[in-house]
Protein chains: 4
Amino acid sequence: MAVLGKTKKEVVSEFRSGEILEAARLVFAAKGYGDATVDDIADKAGIAKGTVYLYFPSKREIFVELIRKGFLDLHSRTVKNMDAAETTADKLRAFISTRMDFSDSSREFFQLYYSEYSNLLATPSKLSPEFQDLYDQQAKLMEETLARGVRRGEVKKMNTAAIARLVYDTTRGAIAQRILGWSRRDAKEDADLVFEVLWRGIGCE
Amino acid sequence: MAVLGKTKKEVVSEFRSGEILEAARLVFAAKGYGDATVDDIADKAGIAKGTVYLYFPSKREIFVELIRKGFLDLHSRTVKNMDAAETTADKLRAFISTRMDFSDSSREFFQLYYSEYSNLLATPSKLSPEFQDLYDQQAKLMEETLARGVRRGEVKKMNTAAIARLVYDTTRGAIAQRILGWSRRDAKEDADLVFEVLWRGIGCE
Amino acid sequence: MAVLGKTKKEVVSEFRSGEILEAARLVFAAKGYGDATVDDIADKAGIAKGTVYLYFPSKREIFVELIRKGFLDLHSRTVKNMDAAETTADKLRAFISTRMDFSDSSREFFQLYYSEYSNLLATPSKLSPEFQDLYDQQAKLMEETLARGVRRGEVKKMNTAAIARLVYDTTRGAIAQRILGWSRRDAKEDADLVFEVLWRGIGCE
Amino acid sequence: MAVLGKTKKEVVSEFRSGEILEAARLVFAAKGYGDATVDDIADKAGIAKGTVYLYFPSKREIFVELIRKGFLDLHSRTVKNMDAAETTADKLRAFISTRMDFSDSSREFFQLYYSEYSNLLATPSKLSPEFQDLYDQQAKLMEETLARGVRRGEVKKMNTAAIARLVYDTTRGAIAQRILGWSRRDAKEDADLVFEVLWRGIGCE
DNA sequence: GATGAATGAGCCTTCATTCAT
DNA sequence: AATGAATGAAGGCTCATTCAT
């Protein structure tokens, strides 16, 4: 027990938190944050409403935690796959396909993530500071990759910060298409398409 | 009267509707759809709450109408500017810069438009059928432009439907960056950047 | 209308506020602040719960307003009757009997007033500043009367501030006895009793 | 064991009860009955919430028991000190100063006791019958003292029952002033003041 | 006996919508 | 047509109490 660093209590607690998050993920994705009620989440999790509040201080916090977890997961996968790639082109390809694949397996996460992202547009102040950090962290990842590509002569000289965002946005858009069912291609095809356009746009030769 | 196709009553009615929409545009953009109240809108419009319901059947419908109007305005400007351009490259440039400029002058519209767009991700069912039409209409515009470019030999042979969406998404992303204040470049610079990457990605030579 | 200084709307609004306060007075007195619900008040007033919130911002504020109004009423009656008395003894008598009479006619007010007063003991911080002012205002009234009595030679030289409080407390206690039904004497008898003990205690001769 | 009249189990049980009561005393005094939670009490006592319910059937009953114990303690001290005094004047003085001293050393008890006393005003029905007995018991104590004083010729002929209550109320008021921090005198001074006014009011000569 | 996770009834407050004037 | 008072359903959150371990 001590070896694992967790007491039985903590394990149970994390299990419950996990169940609630899982229920919330489905409910939020199905109804949207505003239309989802804490009762919905409790019902889906098979527990009483009050129990939810033993594990989370507020409805909003459930949402935030959900995004945070998915975000970190996505981020670490992306980092891992990009690190495994050698050339900048392959790193870009890894970035795109990791996200595309993740969106297929974690569709609900992306629904929440993107809608939260866009809600920022309406009310930026709502963005918790931590979210801002997460976004920045992501942007840096691509920006540095591109900057290295420039130094290596693999990528055209350009405003890497702006292009990094552009890469994100284009990828995000393609994923959104898939989620909305507007693309009937498989993930690989979509990833290739995005990669090719972008790489031709920014790569040398 | 009949000549104009509108009775005096209709003119007055449209005037009021317009005032309410204008008020709603500001309120929704400032607070977000969920946090905005019908009272806020009525106050901003300088009328009584009940009056709002003489012109619109529900809060939701005000929002929808707002998006629709802005959407049609944006669409017609885009069409006009693209038609004025000769080459596909210039049409693409026109597409991007028209939107970028519009986002500067109608920032609130884009805030609503994009957040609504993203809410589709969470709850597609909410999308009124007409919205679907509007999106499709837009997509077609770019798709046909690209297809013609392909026929003319200006654009690489490719899945024009998918690329059309990609162009939209990339442009949307760049505009979102601007709205969020994450870009300090002026509209022209951002438009050029997006154009260059995309055109290098899809154009011939 | 202008002559009265009130529009019809204001009259109606005040009427409603009054109805709600009246209902709240009965409900609070019957159940205590904590056990009373806004629904109880709305029901008693014969209106919908939401309507209550058109006239008062919160349950707490209804309570505060209730106390404030009764307080001011009691205070003005007390001042009037004390002013009408010539000697300090008569002023003291007026003070006591005004309150005793008021407690008979506005029993619910005293129930609330005294229980609020005592809740101060448990949580002084809750006392809204305005309440503090009201209490001080009251204390000053008796203190000045006693001070004048001292100057006139009608009252023994003494700590008038402390005695003023003592007079209040003794009167309050007698009223509480009546409200609790522990006194079967009529108001006049109780008032005389309190007066005699106090006057013998503080008056000259 | 039988000699002591208590089994070991009972001793332990009483110890725990005492701990809970002590914790509750602090919590109730700090937050007021309504705002205090059973969790607060359990935390302060260093036990689990459920354990509280092994010793008390409800939150309310903890409160009642708390009042009862303090009450009996106060009562027995008062009786003892009054018995030690010879003259009625000294007995009255003993009554007042015993309470005044007790309020300094058991401030929390008085906060609860007085606020509960006043809550009776709002909801007399809540008063458990036993409380009624406690109050009566107290009243009798002073009443009999005064009656004896009358017989001895030390006290004026008067309605001893009513005066007994008056003495209680005046003392209570002075203590409340102290608890509220409205008196900066020391306990002795306050006790003297109350005694002098009352004794002049009821004593012979 | 002790625990504390779980419960769920209940409360205050908000606000889209209605309707009498 | 315009008003805005009134409505009441709904939701987030609290907390006294219970009960399986």
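These figures come from a predicted structure and were not determined experimentally.
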* Are A:Ile62 and A:Tyr55 close enough, and set up right, to give a side chain to side chain contact (heavy atoms under 4.5 Å, CB included), and what steps lead you there? -> CA-CA 9 Å; A:Ile62 299 173; A:Tyr55 296 90; over 6 Å; no

* Structure fact -> From CZ of A:Arg16 across to P of E:dA5 the rounded distance in Å is 11 Å

* Protein-nucleotide distance (C:Asp39, atom CG; F:dA10, atom C1'), rounded to Å -> 13 Å

* **Whole-Å gap separating P (F:dA16) and CD1 (D:Ile20)** => 15 Å

* Nearest-Å distance, CG (D:Asp35) to P (F:dC15)? -> 8 Å

* To do: Could you walk me through whether D:Tyr53 and D:Val38 pass the side chain to side chain contact (heavy atoms under 4.5 Å, CB included) test, one step at a time?
  => CA-CA 9 Å; D:Tyr53 284 87; D:Val38 175; 3.6 Å; yes

* According to the interplanar angle, ranging from 0 to 90°, do the rings of C:Tyr113 and C:Phe109 count as parallel (below 30°), tilted (30 to 60°) or perpendicular (above 60°)? -> parallel

* Asked: Honestly, is B:Arg25 close enough over B:Phe63, meaning NZ or CZ under 6.0 Å from the six-membered ring centre and within 45° of the axis?
  -> no

* **Exam field: side chain B:Asp40 to backbone B:Thr37, donor-acceptor pair closer than 3.5 Å** => yes

* To do: Give the rounded distance in Å between these two atoms: CD of C:Glu61 and C1' of E:dC12.
  => 15 Å

* Structure fact -> C:Ile41 CD1 to F:dG8 C1', in whole Å, measures 17 Å

* Which part of the nucleic acid does A:Ala42 contact within heavy-atom distance under 4.0 Å: base, sugar-phosphate only, or nothing? -> nothing

* Closer than 4.0 Å, any side-chain N/O of A:Arg60 to the OP1 or OP2 of F:dG12? -> no

* Contact residues, residues 43-56 of chain B to DNA chain E [heavy atom, < 4.0 Å] -> B:Lys49, B:Tyr53

* So what does A:Ser58 hit on the nucleic acid, given a heavy-atom distance under 4.0 Å: a base, only sugar-phosphate, or nothing? -> sugar-phosphate

* Asked: Is there a donor-acceptor pair under 3.5 Å between the side chain of A:Tyr33 and the backbone N or O of A:Arg60?
  -> yes

* To do: Would you check if the side chain of C:Thr51 reaches a backbone N or O of C:Ile47 as a donor-acceptor pair within less than 3.5 Å?
  => no

* For B:Ile41 and B:Lys44, run side chain to side chain contact (heavy atoms under 4.5 Å, CB included): C-alpha distance rounded to whole Å, both residues' side-chain angles, the deciding distance at 0.1 Å, then the answer. => CA-CA 5 Å; B:Ile41 297 170; B:Lys44 180 74 86 179; 5.8 Å; no

* Dot-bracket notation for DNA chain F, counting Watson-Crick and G-U pairs under 3.5 Å, with | for partners on another strand -> .||||||||||||||||||||

* Can you tell me the distance, in whole Å, between the CZ atom of D:Phe15 and the P atom of E:dG1? => 16 Å

* To do: Answer yes or no on whether B:Lys59 is positioned over the face of B:Phe28, meaning its NZ or CZ is under 6.0 Å from the six-membered ring centre and within 45° of the axis.
  => no

* To do: Could you check which of F:dG11, E:dA5, E:dC12 has an atom nearest any side-chain atom of C:Val38?
  => E:dC12

